[in-house]
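To keep things clear, I will list the structure first and then write my remarks on it.
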Amino acid sequence: MNARPIFIRNANQVITVSGGTDAPLSKERMRELHIIPHGSVWMEDGRIQAVGTDEELAEAYSSRLQEAKQIDASGKIVMPGLVDPHTHLVHAGTREDEFNMRLKGSTYMEIMNSGGGIHASTSKTRSASPDHLFHKAMKHLDSFLLHGVTTVEAKSGYGLDWENERKQLQVALRLQESHPVDVVSTFMGAHAIPLQYKENPDAFVDYIIQEMLPKVKEENLAEFNDVFCEEGVFTPEQTKRILEAGKKYGLIPKIHADEIEPYKGAELAAETGAISADHLLKASDEGIAKMAEKNIVGVLLPGTAFFLMAEFARARRMIDSGVPVALATDFNPGSSPTTSLPFIMNLACLKMGMSPEEAIAACTINAAHALNRASEIGSLEKGKKADAVILDVPNYVMLQYHYGMNHTHTVIKAGRIVVDGGRLCGMN
Ligand SMILES: N=CN[C@@H](CCC(=O)O)C(=O)O
Ligand SMILES: [Fe+3]
Ligand SMILES: [Zn+2]
């Protein structure tokens, strides 16, 4: 049964972010949002059919107005559904104990090296049932949706052995089938060196390459392969081995790069042809130049810098050098427990010098590129998936000005209204 067409009418601004489907937006193109004043969008069969002024669309669809579910967006703005290209969605437990330790001066790495951090979440995730992981993640997805996010990436990496990595990835697939938010899977067996491999990390790298990667492919469990390339975790050489091995199975490389120490992660992303390099707080000038040259998306996670009380990534330098920048929450229990991508945009403007226009491009079309989905999502253009958010602000600058608030009014996912008046609806 086809749902009724949806006709969003007369928004103050329809922010289409059009024109960036073929390649991610960089430099000044990140500031061209292609805004339609008094704009409207017609959606049908789960797709965007037309975007234009209200006058144009009312005329074009004049014979079918009664048939459509009409939404009055006057006084509000319409944007593409937000895309979050970096999360650790599926996990058990929380780590507020570590939050307290960090407030008293312990560092993220000290906590991890003493067996907490990722290891703490790994041990909780290993003992959790698939159902527990599923129901916890469903709640997080509800929260993403309430913040206007219609697609999220989800990494494994709290299993660190095949049985438990597989469990996380299977939960992510089940979430994709069960929740309106689209969930895109990344294998991240290389998230930490498990404690029992501490003396021989290369043996764990071999285990990932020989045992896990072939099975990820065999069971079709993920599209991307990510490694935490960091001093004291995986070296650039180990990272390269894992990413090159993954490529043989069709897994597209991503890297947690230069997060805590400069480690030539950005350079490595260029060398391995990664689709994105993420974090980049300590990326070198040379690494930035190489990413720009190869058009690799820099996924910045200012929520993590904020929560770890670290220095923010050099977004300005990256954008001005030509790196296409995207933004993500990094949602995870240790370094960024938030689902508010709008707040991440606020931080991007206030702490990384990004303009409101750049922040929007970074959470829509460039984020879609980081997930290899720009032909489907990330802009309001004819033929794309009908994923859109209506925000209760009169113009897009207000999203950053009234910071730390959730302005999401209505969310349409694949042509269905799933949030109305700021509340979930029609989920079954
Ligand atoms: N840096 C490594 N991974 C995550 C944190 C995971 C955790 O602390 O549980 C990140 O992206 O910040
Ligand atoms: Fe993360
Ligand atoms: Zn991460």
Side-chain angles (χ1 to χ4, degrees), residues 84-99 101-102 106-126 128 133 136-137 140 152-160 164-165 168 172 184-195 222 224-234 239 253-261 263 265 269 274-283 297-313 326-339 344 347 367 370-371:
D84 190 335
H86 183 144
T87 89
H88 303 255
L89 174 70
V90 180
H91 60 261
T94 50
R95 307 218 301 264
E96 64 276 28
D97 50 338
E98 294 179 9
F99 174 65
M101 286 163 75
R102 286 192 300 95
S106 302
T107 68
Y108 178 80
M109 272 300 171
E110 280 165 8
I111 294 170
M112 174 159 163
N113 289 334
S114 62
I118 294 172
H119 302 298
S121 292
T122 298
S123 110
K124 289 175 194 162
T125 303
R126 283 178 174 173
L133 295 172
K136 177 165 163 37
H140 299 315
V152 304
E153 184 252 21
K155 301 175 196 296
S156 66
Y158 294 121
L160 307 182
N164 289 292
E165 287 293 309
Q168 272 189 282
V184 178
S185 284
T186 295
F187 169 66
M188 199 175 179
H191 196 197
I193 310 281
L195 298 172
F224 303 98
N225 181 23
D226 195 346
V227 179
F228 188 10
C229 181
E230 187 67 52
E231 184 117 42
V233 194
F234 292 90
T239 303
K254 282 182 171 282
I255 308 184
H256 278 60
D258 304 314
E259 177 183 354
I260 294 158
E261 299 293 341
Y263 211 35
I275 196 162
S276 72
D278 302 30
H279 286 289
L280 300 170
L281 276 62
K282 298 286 163 67
V297 181
V299 176
L300 305 185
L301 311 162
T304 310
F306 175 69
F307 198 69
L308 295 184
M309 297 174 281
E311 250 175 68
F312 288 77
L327 290 165
T329 59
D330 195 17
F331 175 67
N332 76 72
S335 67
S336 188
T338 184
T339 54
I344 299 301
L347 288 175
L371 295 182

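We use all heavy atoms of the structure for the numbers below, so side chains are in, but hydrogens, waters and symmetry mates are not. Atoms within a ligand are numbered from 1 in the order they appear, just like the ligands themselves.
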Review point. So, Asp330 and Thr304: side-chain donor and acceptor under 3.5 Å apart, yes or no?
Key: yes
Review point. Short question: side chain of Ser156, backbone of Met188 - any donor-acceptor pair under 3.5 Å?
Key: yes
Check your understanding: So, does Glu230 sit close enough to ligand 1 that a heavy atom of it is under 4.0 Å from the ligand?
Key -> no
Check your understanding: Out of Phe331, Tyr108, Phe228, whose heavy atom sits nearest atom 7 (C) of ligand 1?
Key -> Tyr108
Point to revise | Proximal atoms of ligand 1 relative to Arg95 (non-hydrogen, under 4.0 Å) | key: 7 (C), 8 (O), 9 (O)
Study note, to complete from the structure: A student checking ligand 1 against Tyr158 at a 4.0 Å heavy-atom cut-off should list atoms 6 (C), 7 (C), 9 (O)
Revision key, fill the gap. Between Arg102 and Ile111 the two heavy atoms that sit nearest each other are CG-CD1, 3.5 Å
Practice item. List for me each residue that meets ring pair (Phe, Tyr, Trp, His ring centres under 6.0 Å) alongside Phe306, sequence neighbours excluded, and say none if there are none. Key: Phe343
Review point. Roughly how far apart are Leu89 CG and Ser185 OG, rounded to 0.5 Å?
Key: 9.0 Å
Check your understanding: Under 4.0 Å from any heavy atom of Asp330, which atoms of ligand 1 are there?
Key -> 10 (C), 11 (O), 12 (O)
Exercise for review: Please tell me if the side chains of Phe228 and Ile118 come closer than 4.5 Å, counting only heavy atoms from C-beta onward.
Suggested key: yes
Exercise for review: Would you mind listing which atoms of ligand 1 come within a distance below 4.0 Å of any non-hydrogen atom of His88?
Suggested key: 3 (N), 4 (C), 10 (C), 11 (O)
Check your understanding: Does ligand 1 have an atom that lies less than 4.0 angstrom from a heavy atom of His91?
Key -> no
Review point. Are His86 and His256 close enough, and set up right, to give a side-chain hydrogen bond (donor to acceptor under 3.5 Å, both in side chains), and what steps lead you there?
Key: CA-CA 10 Å; His86 183 144; His256 278 60; 3.0 Å; yes
**Study point:** His86 atom NE2 and His88 atom NE2 as seen from the Zn ion (ligand 3), angle to 10 degrees
**Key:** 100°
Review point. Between the side chain of Glu259 and the main-chain N/O of Leu281, is any donor-acceptor distance below 3.5 Å?
Key: no
Review point. For ligand 1, is there an N or O atom under 3.5 Å from any N or O atom of Ser121?
Key: no
Check your understanding: Which atoms of ligand 1 are found less than 4.0 Å from any heavy atom of Ile118?
Key -> 6 (C), 7 (C), 8 (O), 9 (O)
Practice item. For His140, enumerate each residue passing the ring pair (Phe, Tyr, Trp, His ring centres under 6.0 Å) test, keeping only those at least two apart in sequence or located in another chain. Key: His91, Phe331
Practice item. Could you tell me whether any N, O or S atom belonging to His279 is less than 2.8 Å from the Zn ion (ligand 3)? Key: no
Practice item. Have a look at ligand 1 and work out which part of His279, if any, has a heavy atom under 4.0 Å from it: side chain, backbone, both or neither. Key: side chain
Practice item. Nearest 0.5 Å please: distance from the OG atom of Ser335 over to the NE2 atom of His88. Key: 6.5 Å
**Study point:** ligand 1 contacted by His191 (non-hydrogen, < 4.0 Å)
**Key:** yes
Point to revise | Proximal candidate to atom 12 (O) of ligand 1 [heavy atom criterion; set Gly334, Pro333, Ser335] | key: Ser335
Practice item. Please say whether Thr304 places an N or O atom under 3.5 Å from an N or O atom belonging to ligand 1. Key: no
Study note, to complete from the structure: Counting from 1 in the order shown, the ligand 1 atoms closer than 4.0 Å to a non-hydrogen atom of His86 are 11 (O)
